S.K.: 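Take this structure, written in structure tokens, and hold onto it; I'll ask about it next.
Quantities reported herein were computed from a predicted structural model and do not represent experimental measurements.
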Amino acid sequence: CVEIKDAPRFSYRGLHIDVSRHFFPKEEIIKLLDEMAYYKLNKFHFHLTDNGGWRIQIDKYPRLTSMGAFRTQCEWVEWWDKKDRTYLPEGTPNAYGGYYTKEDIREILAHAEKLHIEVIPEIEFPAHSDEVFIGYPELCCTGKPYTSGEFCAGNERTYTFMENVLTEIIDLFPSEYIHIGGDITLPSDKIIGIFDIEKTSVNKDVNDYLMKLQKQGRIYYVSYDMPKSFIVTKDYVYISNVSVFTLKRRFADNEIRSEI
């Protein structure tokens, strides 16, 4: 008689699927989980949101799925690389896309639990978020859809949105981790300075620069209510209702100047 002792070499044996760029219905995900179990994989990284489409129901923000889950074309190269990048409202004939209801997610999670697979959701921000701004354009710095893929760091509503979305995700998913992406956003080397509106005495060069950007329509007001600061970049100026201290912490860059 022979005794065999066997154990996996790696504790994390994962598979990642991006259903934002290419949507797979619930039934396909469940089949995929079965295949994962066959090959002894135990971590399923579920990439639910990106600029290809928002794929999960969020009760507090229904336009994420009604306006940001469907697009004109299926093939990623045709839609993204060739610059189509047009989203369509839910119910539009021949639109490509889809999303999971919370009940769909609960079914997927229940099946994964039976197979001893942990499902780790990915909710993408602060960048790669073009689909968010189709329904909620006020969360990007321009305030208009099809102009940005990045959340506005100077807008307090950005952080309210993130907290509300993650609260619903945390309530739904029992995983130890939730992935929030952190993809490409405004690099600090493009920021000229973050300035306090009340305390800054702007010199002539900066004032001339601001006037030039204003004439070109490249100054964006994140909030008209009690503006506290402005972020000067090489391309735009963002008027913000967030304090200089808070912005500097959020950018986490000690090289950013806070006064002239």
S.K.: Name the atoms and distances for all side-chain donor-acceptor pairs under 3.5 Å in residues 24-38, with sequence neighbours left out.
M.R.:
| unit_1 | atom_1 | unit_2 | atom_2 | d |
| --- | --- | --- | --- | --- |
| K26 | NZ | E107 | OE1 | 3.2 |
| K26 | NZ | E107 | OE2 | 3.3 |
| D34 | OD1 | H111 | NE2 | 2.7 |

S.K.: Would a distance-only check, ignoring hydrogens and angles, find a side-chain to backbone donor-acceptor pair under 3.5 Å from T158 to C152?
M.R.: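 Between the backbone of C152 and the side chain of T158 there is a qualifying donor-acceptor contact (under 3.5 Å).
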S.K.: Using the ring pair (Phe, Tyr, Trp, His ring centres under 6.0 Å) rule, take Y100 and F23 through it: C-alpha gap first, then chi angles, then the decisive distance, then the call.
M.R.: CA-CA 10 Å; Y100 308 101; F23 181 68; 5.1 Å; yes
S.K.: Kindly state whether the ring of F44 and the ring of F46 have centres lying under 6.0 angstrom apart.
M.R.: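 Here the rings of F46 and F44 have centres that are less than 6.0 Å from each other.
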S.K.: Could you check whether any side-chain heavy atom of Y96 comes within less than 4.5 Å of a side-chain heavy atom of H22, counting everything from C-beta outward?
M.R.: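 Yes, side chains in contact.
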S.K.: Is there a path of hydrophobic side-chain contacts, each under 4.5 Å between heavy atoms of I, L, V, M, F, W or Y residues, that connects I56 with L139?
M.R.: yes
S.K.: Just by modelled atom types, is the T160 backbone N or O under 3.5 Å from a matching donor or acceptor in the R157 side chain?
M.R.: no
S.K.: Is it possible for you to say whether L64 and I170 belong to one hydrophobic cluster, with membership spreading through side-chain heavy-atom contacts below 4.5 Å?
M.R.: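 Yes: a chain of side-chain contacts under 4.5 Å links L64 to I170.
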S.K.: Can you list, by chain and residue number, the hydrophobic cluster partners of I4 when the side-chain cut-off is 4.5 Å?
M.R.: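 Noted: I4 shares its cluster with V2.
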S.K.: Do F151 and F133 have their ring centres less than 6.0 Å from each other?
M.R.: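 Ring centres of F133 and F151 closer than 6.0 Å.
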S.K.: Can any side-chain N or O of D50 pair as donor or acceptor with the backbone N or O of G52 at less than 3.5 Å?
M.R.: no
S.K.: With heavy-atom distances below 4.5 Å as the criterion, would you say the side chains of H45 and Y177 are in contact?
M.R.: no
S.K.: With a 4.5 Å cut-off on side-chain heavy-atom distances among I, L, V, M, F, W and Y, is there a chain of contacts connecting I108 to L115?
M.R.: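 Same hydrophobic cluster.
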S.K.: Closest heavy-atom contact between A127 and S129?
M.R.: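 Distance-wise, the nearest heavy atoms are O-OG, 2.9 Å.
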S.K.: Is there side-chain contact between Y39 and L15, with at least one heavy-atom pair below 4.5 Å?
M.R.: no
S.K.: Is there a donor-acceptor contact under 3.5 Å from the side chain of R55 to the main chain of L48?
M.R.: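 No, R55 side chain to L48 backbone: no donor-acceptor pair under 3.5 Å.
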S.K.: Name all residues meeting the side-chain contact (heavy atoms from CB on, under 4.5 Å) criterion together with D171; count only those two or more places apart in sequence or in a different chain, and write none if there are none.
M.R.: T167
S.K.: Report the hydrophobic cluster partners of Y99, with the cluster defined as I, L, V, M, F, W, Y residues connected by side-chain heavy atoms closer than 4.5 angstrom, directly or transitively.
M.R.: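 ILVMFWY cluster around Y99 also holds F70.
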S.K.: Please check if the side chain of E118 supplies one atom and the backbone of E176 the other of a donor-acceptor pair under 3.5 Å.
M.R.: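 Yes, because the side chain of E118 sits within donor-acceptor range (under 3.5 Å) of the backbone of E176.
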S.K.: Where the side chain of T92 meets the backbone of A95, is there a donor-acceptor pair that is under 3.5 Å apart?
M.R.: no
S.K.: With a 4.5 Å cut-off on side-chain heavy atoms, are V165 and W54 touching?
M.R.: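 Counting from C-beta outward, W54 and V165 do come under 4.5 Å.
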S.K.: Taking side-chain contact (heavy atoms from CB on, under 4.5 Å) as the definition, give me every residue that meets it alongside L109, ordered by chain and number, with sequence neighbours left out.
M.R.: I105, V119, F173, P174
S.K.: Do N51 and E131 meet the criterion of a side-chain donor-acceptor pair at a distance under 3.5 Å?
M.R.: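 Side chains of N51 and E131: no pair found under 3.5 Å.
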S.K.: Donor-acceptor pair, distance only, cut-off 3.5 Å: does the side chain of N42 make one with the backbone of R13?
M.R.: yes
S.K.: For M67 and Y87, work out which heavy atoms get closest and say how close.
M.R.: O-CB, 3.8 Å
S.K.: Is there a side-chain contact between P89 and S66 (heavy atoms, below 4.5 Å)?
M.R.: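 Not touching, per the 4.5 Å side-chain cut-off.
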S.K.: If I compare all heavy atoms of Q73 with all of R71, which pair ends up nearest, and what's the gap?
M.R.: O-NE, 2.8 Å
S.K.: Please tell me if the side chains of I180 and L166 come closer than 4.5 Å, counting only heavy atoms from C-beta onward.
M.R.: yes
S.K.: Check whether any side-chain N or O of D84 sits under 3.5 Å from a backbone N or O of E78 as a donor-acceptor pair, and report yes or no.
M.R.: no
S.K.: Looking at T147, is its backbone amide N or carbonyl O close enough to the side chain of T142 to form a donor-acceptor pair, meaning the two atoms are under 3.5 Å apart?
M.R.: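 Side chain of T142 to backbone of T147: no pair is present.
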S.K.: Parallel, tilted or perpendicular for F161 and Y136, by the 30°/60° rule?
M.R.: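 Because their plane-to-plane angle lies in the 30° to 60° range, the rings of F161 and Y136 count as tilted.
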S.K.: Is it the case that one hydrophobic cluster holds both I120 and M162, taking links as side-chain heavy atoms less than 4.5 Å apart, direct or via other members?
M.R.: no
S.K.: Can you list the residues that meet the side-chain contact (heavy atoms from CB on, under 4.5 Å) rule with N94, with sequence neighbours excluded?
M.R.: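 In terms of side-chain contact (heavy atoms from CB on, under 4.5 Å), with neighbours along the sequence ignored, N94 is linked to no residue.
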S.K.: In the structure I gave you, are the side-chain heavy atoms of D59 and K102 within less than 4.5 Å of one another anywhere?
M.R.: yes
S.K.: Are Y146 and V132 in one and the same hydrophobic cluster, where Ile, Leu, Val, Met, Phe, Trp and Tyr link if side-chain heavy atoms are under 4.5 Å apart?
M.R.: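 No.
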S.K.: Mind checking whether D130 and W80 have side chains closer than 4.5 Å, heavy atoms only?
M.R.: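 Side-chain contact under 4.5 Å: yes.
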